[in-house]
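Working notes, structure below.
Not measured: the values here are computed from a predicted model.
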Amino acid sequence: LSGINVLDEALPGKPGVLPGSLIALTGSELGGKTALALWFVRTALKDPLRSAAWLSCGERLSENSWRWAGLDDSRFAEIIPVMISGTMLASELIDHGVDIVVIDSAAALGDPERSHPGAELSLGLWHFKQTLKKHGALGIITNQERRAPGGKLYGPGESAVSSRLIDIRINLRSGEGLYRGGEQYGARIHFCLEKSGSNPMGVGWEGRFNVHFTKGLSDLRGTVPEYS
């Protein structure tokens, strides 16, 4: 489950995602990708037997991000891949019992120094996907959209999130700010389900949720979870 009711209802698990799924979260900068990925992790870790890993292939998570999502280092670890591809490390973590792995971000997975970076990325994604299916785990890849003049998307990350191996693709963009007494306390995020695995009826599903800077995410129909 993502923890966002309006989104979970459209996902193939009805609600939520099916075991072994690979999810791509795409969108512009500050569009809510990291927030939603953290919320997937937080929701999964409500089960005390589950563990999660966050592979920072680009910018690292801040301590505030950990606290915002209510996470600690007992069952959640942030790892920076060194001398190993993000997809290979993610596969090894799943093989060793980790239940959910976030690769942040897909744009950092391709190595422009390689002669065939696209082929290498496709092979890594294929192996990661097979590992997820084998263990019934969950994989999440984030990707910041990059557009060339004229609006065409480009970059190694775009190749990854457009792969047929992706089960679920969610596009996110930031909407209006949330204000109280003239002070901004959050932002409204708009999402569109662009691919929905075994639930084609979910494709095109759109909705919104709120990001609260101090209290996490909330469904527009729900309430903000309270935690210290």
Ignoring hydrogens and geometry beyond distance, is a side-chain donor-acceptor pair present between Asp104 and Thr142 at under 3.5 Å? yes
Under 3.5 Å side-chain donor-acceptor pair for Ser62 and Asn64: no
Might you work through the side chain to side chain contact (heavy atoms under 4.5 Å, CB included) test for Leu61 and Leu38, ending with a clear yes or no? CA-CA 10 Å; Leu61 283 175; Leu38 281 168; 4.3 Å; yes
Residues forming a side chain to side chain donor-acceptor pair (under 3.5 Å) with [X], sequence neighbours excluded:
| X | value |
| --- | --- |
| Glu63 | Arg67 |
| Ser56 | Glu78 |
| Thr34 | none |
| Asp99 | none |

Quick check for you: to the nearest 0.5 Å, what is the distance between [X] atom [atom1] and [Y] atom [atom2]?
| X | Y | atom1 | atom2 | value |
| --- | --- | --- | --- | --- |
| Arg169 | Asn143 | CZ | CG | 10.5 Å |
| Gln184 | Glu176 | CD | CD | 10.5 Å |
| Ser91 | Leu132 | OG | CG | 7.0 Å |
| Lys129 | Thr131 | NZ | OG1 | 11.0 Å |
| Leu89 | Ile80 | CG | CD1 | 11.5 Å |
| Ile168 | Glu194 | CD1 | CD | 13.0 Å |

His190 NE2: over 12 foreign heavy atoms closer than 6.0 Å: yes
Glu183 atom CD, over 12 foreign heavy atoms within 6.0 Å: no
Hydrophobic side-chain clustering at under 4.5 Å (ILVMFWY, transitive links): who's grouped with Phe213? Put none if nobody. none
Lys134 vs Ile94, test: side chain to side chain contact (heavy atoms under 4.5 Å, CB included). Steps then yes/no. CA-CA 9 Å; Lys134 175 183 176 181; Ile94 297 295; over 6 Å; no
Are Phe128 and Met88 linked, directly or through other ILVMFWY residues, by side chains that come within less than 4.5 angstrom of each other? yes
Residue of the set Leu138, Ile141, Ile100 for which side-chain contact (heavy atoms from CB on, under 4.5 Å) holds with Ile23: Leu138
Do you know which of Thr87, Val101, Val102 makes side-chain contact (heavy atoms from CB on, under 4.5 Å) with Leu55? Val101
Which residues pass the salt bridge (charged side-chain N to carboxylate O under 4.0 Å, His left out) test with Asp47, sequence neighbours left out? Arg50
